[in-house]
Structure formats: structure tokens, C-alpha cells
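Data first, discussion second: the structure below is written as C-alpha cells.
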Amino acid sequence: MAEKRKITTPDGLVADPPRDYFEDVYAVVRQVPRGRVTTYGAIAQYLSLRAGARMVGWAMSSSHTREDVPAHRVINRLGVLSGKNFFGSPTRMQELLEAEGIHVENDQVVGFKELLWDPSLELN
DNA sequence: TACCTGACCGGGT
DNA sequence: AACCCGGCCAGGT
């Protein structure tokens with residue numbers, strides 16, 4: 001996993017360098033265990049991304065070519081499959097989750113709070 | 001340039 | 001949970 005780093009702007013503000021946090025995001029997603037899920041916000045918080053959870057979603061939208069990134073395990077804070085339209089078919093994301101024993105009802109992971117894998121708690 | 005939208009989120013109501 | 005709001009910032013128009 002790439003080193004977390006900060007840059008300082010001429011204004012003296014500390015910020016994340018633009019754009020290159022994509023790889024950091026993928027590195028975290030690759031560590032989400034089978035049968036567990038994580039959220040955009042949890043990833044953003046773990047990486048201290050100033051850009052926030054929204055840009056984690058942006059990073060994920062560019063991950064479709066990466067077979068080694070289990071993008072289906074990333075859901076929103078309410079347990080909803082908000083990214084399902086970025087998978088081949090409308091049901092693909094759900095099918096991938098169910099293949100891991102995760103139950104989905106109405107585009108929402110059943111019992112997602114118990115299945116949540118928070119990198120801030122699980123990683124060092 | 002200005003405005004809009006979006007795999008988002010936390011806080012307030 | 002639901003709704004609204006402001007904050008976040010990359011791309012498109």
C-alpha cells in the first residue's frame with residue numbers, strides 16, 4: 001500500500017495531493033475480506049482524504065477494469081448498493097455479494113452493520 | 001467563466 | 001430510517 005502523504009499549499013494549507021489517491025483506495029478495497037463489506041466514508045476516513053467519501057466513489061468508478069479489486073464489497077453508509085449500475089448488469093453486484101453469503105434485499109445488504117469491515121479498526 | 005451533477009457523509013430536524 | 005443542507009472536488013456542458 002502506498003505511503004500516506006500530505007502536501008502543503010502556498011497558503012499553508014495541508015491537503016492531499018490530487019488524483020493519486022486512487023491506488024491507495026484500491027489497496028484498501030483489496031483487503032476487504034470475502035463475505036464482508038466496507039463503505040466509501042470508512043475508506044476516506046482511513047486514508048485521511050480531504051476530498052472525502054465522494055472521491056472514493058469517483059475512484060471506484062474508474063476501477064472497473066481492475067479484476068483484483070472487489071468493488072462489490074464497497075457500499076454506502078446505509079448499506080445500499082449505490083454503485084450497482086457500474087457493474088455489467090443491474091443484478092451483477094448483488095449476485096457477487098450473494099455468492100459470498102451476503103444477503104441483499106431491495107438493494108440493501110441485510111445486517112450490514114455486523115458485516116462492516118472498517119479499515120480504521122482492522123488495519124494498522 | 002459558471003453551473004451542474006455525482007458509486008458520499010455527518011449533522012440537524 | 002428519512003429528509004434537507006452544506007462541504008467535498010473532478011468532469012462535462
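In the text below, chain A, chain B and the rest are named by the order of the sequence lines, each starting its count at 1.
Applying the salt bridge (Lys or Arg N to Asp or Glu O under 4.0 Å) rule to E98(A) yields no partners; only residues at least two apart in sequence or on another chain are considered. In terms of the salt bridge (Lys or Arg N to Asp or Glu O under 4.0 Å) criterion, E95(A) has no residue partners (sequence neighbours excluded).
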Once base and sugar-phosphate atoms are separated, protein heavy atoms under 4.0 Å mark nucleotides 7-13 of chain B, 5' to 3', with B, S and - as BBSB---
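As a whole-Å value, the separation of N106(A) CG from dA1(C) P is 13 Å.
The P atoms of dT13(C) and dA7(B) are separated by 15 Å, rounded to the nearest whole Å.
Scanning both residues, V69(A) and Y26(A), for their nearest heavy atoms gives CG2-CB, 3.9 Å. The two residues Y40(A) and N76(A) make their nearest non-hydrogen contact at CE1-N, 3.6 Å. When all heavy atoms of L123(A) and Q31(A) are compared, the pair lying nearest together is CD1-OE1, 3.7 Å.
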